[in-house]
2 protein chains.
Amino acid sequence: MNDSGDGEGTERAAPSRRKDARRNKATLLEAAAAVFVTSGVEAPVRDIAARAGVGVGTIYRHFPKRADLIIAVYRHQVDACAEAGPALLASGATPHAALRQWIDLFVDFLVTKHGLAAALHSDDAGFDALHAYFIDRLVPVCSELLTAAAGAGEIDSGIEAYELMRGVGNLCIGADNDPRYDARRLVGLLVTGLRRPR
Amino acid sequence: MNDSGDGEGTERAAPSRRKDARRNKATLLEAAAAVFVTSGVEAPVRDIAARAGVGVGTIYRHFPKRADLIIAVYRHQVDACAEAGPALLASGATPHAALRQWIDLFVDFLVTKHGLAAALHSDDAGFDALHAYFIDRLVPVCSELLTAAAGAGEIDSGIEAYELMRGVGNLCIGADNDPRYDARRLVGLLVTGLRRPR
DNA sequence: GCAGAAACGGAACAGCGTTCCGTATTGTCT
DNA sequence: AGACAATACGGAACGCTGTTCCGTTTCTGC
């Protein structure tokens with residue numbers, strides 16, 4: 001939602017009155033990104049604070065909910081994914097193929113972020129904002145692709161974009177460090193299942 | 001794994017030397033089942049202890065890992081599900097239809113157990129035994145159904161039973177209290193996606 | 001009844017997210 | 001430059017988890 005964004009692109013809120021605050025916020029984002037890679041997005045807040053060389057209070061001042069920090073770290077990648085949707089749709093292939101490619105993009109993103117998929121669907125209230133951000137950003141794109149595919153007669157299942165996105169997200173849970181579980185293959189089957197039988 | 005099972009069906013371990021211990025174990029199972037319905041399988045241990053009128057120590061003596069308690073509560077239902085597999089296969093329909101029906105059974109079970117699906121795929125080490133129990137019990141059944149369907153030429157995807165079961169389980173996460181997410185429909189699409197294109 | 005074994009209860013510990021407040025830093029105004 | 005708010009900081013403290021530990025109670029076989 002709102003935030004006291006610094007150079008973070010599309011924000012309008014005042015970029016904080018003090019230099020040290022801005023610097024700390026940037027340091028925190030870097031540290032969080034690094035820790036997320038190592039220990040997953042559920043890493044202890046204290047670890048992130050330690051890595052950034054600040055106190056835990058500083059984290060909560062800049063990112064009141066843990067979800068805000070996660071969103072800030074991954075915002076660019078989520079936005080890039082969202083923007084890839086229309087591009088794929090315009091790039092020649094059939095709408096169903098574009099949908100498949102777009103979903104692959106999303107799966108690749110999720111699978112490489114240890115624990116993100118799990119956090120995304122945690123029923124912990126603290127993650128509501130994270131859930132909402134992903135939904136807000138990606139569901140409309142998915143909906144557009146779905147509508148195009150339906151319009152082209154390639155799919156007929158009355159599935160909603162929200163449901164499909166949640167299903168894909170769920171399939172990505174725990175998809176790292178288990179060689180016997182390949183989320184990409186299962187998501188592929190799910191997308192295949194959408195196709196109109198002919 | 002092993003346990004000091006009381007009247008719990010297929011156990012062979014000694015049924016405990018003392019009457020109060022047996023009674024407490026039974027009380028604990030009842031209390032846990034009740035609390036799981038109300039608050040989900042991740043309910044605080046203290047809540048279960050309080051409901052049963054015992055101390056937390058007593059829980060840990062009977063069920064050293066939290067997973068052991070969950071397994072004990074749901075063992076009968078999981079076994080029933082496992083046993084339904086061969087029955088469905090023998091009951092007339094095509095193997096693919098039997099697979100679909102069996103998976104529906106599993107999904108119905110999971111979806112009605114608040115938080116079970118999530119616990120099942122938690123990477124928390126304490127839930128390893130739970131994970132292992134479900135896998136041990138259900139993967140062979142699923143494998144049988146899958147093989148039969150492949151033998152009948154109905155599916156050709158080289159998917160493993162383990163992967164399919166995990167996918168189905170993942171799709172069931174958070175499937176309660178969200179009217180916009182119907183795990184059954186998504187699992188249906190996944191199973192449809194298995195079918196050989198012809 | 002009486003050991004002694006078995007089981008109990010809950011205090012105590014460790015690890016987590018989050019809040020709070022005394023202290024330090026910064027920007028500004030004179 | 002000096003001083004005074006305003007702002008931000010650090011980390012102790014709180015409340016909630018799961019889990020362990022041990023002094024006390026209860027049972028069982030003799």
Side-chain angles (χ1 to χ4, degrees), chain A residues 3-6 13-29 31-32 35-36 39-71 115 118-119 122-130, chain B residues 3-6 13-29 31-32 35-36 39-71 115 118-119 122-130:
Chain A
D3 81 313
S4 50
D6 50 5
S16 160
R17 308 230 140 249
R18 276 172 55 169
K19 198 170 33 177
D20 56 343
R22 275 195 304 276
R23 186 169 36 77
N24 269 329
K25 188 164 184 174
T27 306
L28 231 19
L29 279 173
V35 172
F36 288 172
S39 320
V41 298
E42 311 241 36
V45 177
R46 284 166 177 82
D47 288 1
I48 301 169
R51 169 71 114 113
V54 305
V56 288
T58 301
I59 293 196
Y60 283 94
R61 198 165 317 100
H62 288 295
F63 307 99
K65 311 248 174 196
R66 155 176 285 257
D68 299 327
L69 179 55
I70 302 177
I71 292 172
S122 148
D123 52 1
D124 186 327
F127 287 101
D128 279 354
L130 182 64
Chain B
D3 78 312
S4 48
D6 50 6
S16 159
R17 306 216 152 260
R18 276 172 55 167
K19 197 170 34 176
D20 57 342
R22 276 195 305 276
R23 186 169 37 77
N24 269 329
K25 187 164 184 175
T27 306
L28 232 18
L29 279 173
V35 171
F36 287 173
S39 319
V41 297
E42 311 242 37
V45 178
R46 283 164 178 82
D47 289 1
I48 300 168
R51 170 71 115 114
V54 305
V56 290
T58 302
I59 291 195
Y60 283 94
R61 197 163 320 99
H62 288 294
F63 307 99
K65 312 246 175 197
R66 155 176 287 256
D68 298 327
L69 179 54
I70 302 178
I71 292 171
S122 149
D123 50 3
D124 186 327
F127 288 101
D128 278 355
L130 182 63

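Keep in mind that the numbers below use all heavy atoms, side chains included, and drop hydrogens, waters and symmetry copies.
- A:Ala49 approaches A:Ile59 most closely through the heavy-atom pair N-CD1, 3.7 Å.
- When rounded to the nearest whole Å, the span between CD of A:Glu42 and C1' of D:dT17 equals 14 Å.
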Could you pull out the protein-nucleic contacts involving nucleotides 27-30 of chain D (nitrogen or oxygen on both sides, under 3.5 Å)?
from, atom 1, to, atom 2, distance (Å)
D:dT28, OP1, B:Lys19, N, 2.9

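- Applying the side chain to side chain contact (heavy atoms under 4.5 Å, CB included) criterion to A:Thr58, with sequence neighbours excluded, gives A:Asn24, A:Leu28, A:Val54, A:Arg61, A:His62.
- Mapping B:Gly57 and A:Gly57 onto DNA chain D by nearest heavy atom places A:Gly57 at the nucleotide closer to the 5' end.
- Annotation: side chain to side chain donor-acceptor pair (under 3.5 Å) contacts of B:Arg23 (sequence neighbours excluded): none.
- Residues that satisfy the side chain to side chain contact (heavy atoms under 4.5 Å, CB included) test with B:Phe127, not counting sequence neighbours, are B:Glu42, B:Arg66, B:Ile70, B:Ala119, B:Ser122, B:Asp124, B:Leu130.
- For A:Asp47, the side chain to side chain donor-acceptor pair (under 3.5 Å) test picks out no residue, with sequence neighbours left out.
- Nearest-nucleotide positions on DNA chain C for A:Pro64 and B:Arg46 put B:Arg46 closer to the 5' end.
- Following rounding to the nearest Å, A:Tyr60 (OH) and D:dA12 (C1') show an atom-to-atom distance of 15 Å.
- Annotation: proximity of residues 47-55 of chain A to DNA chain D (heavy atom, distance under 4.0 Å) is found for A:Gly53, A:Val54, A:Gly55, numbered in ascending order.
- The closest side-chain heavy-atom distance from B:Lys25 to B:Phe63 is below 4.5 Å.
- On the nucleic acid side, DNA chain C contacts chain A at distances under 4.0 Å to non-hydrogen atoms, with the end points of that region at C:dC16 to C:dG27.
- A:Ala32 pairs by the side chain to side chain contact (heavy atoms under 4.5 Å, CB included) definition with A:Phe36, A:Ile48, A:Leu69, A:Val73, not counting sequence neighbours.
- Between B:Ala67 and B:Gly126 the shortest heavy-atom distance is CB-O, 3.5 Å.
- Evaluation of atom-type donor-acceptor distances gives no pair under 3.5 Å for the side chain of B:Arg66 against the base of D:dG18.
- An OP1 or OP2 oxygen of D:dC9 is reached within less than 4.0 angstrom by a side-chain nitrogen or oxygen of A:His62.
- Take B:Arg46 and apply the side chain to side chain contact (heavy atoms under 4.5 Å, CB included) test, not counting sequence neighbours, and it matches B:Val56.
- Not counting sequence neighbours, the partners of B:Asp20 by the salt bridge (charged side-chain N to carboxylate O under 4.0 Å, His left out) test are B:Arg18.
- What you find for A:Ile71 and A:Ala129 is that their closest heavy atoms are CD1-O, 3.6 Å.
- Closest-nucleotide positions on DNA chain C for B:Asn24 and A:Pro44 were compared, and the one nearer the 5' end corresponds to B:Asn24.
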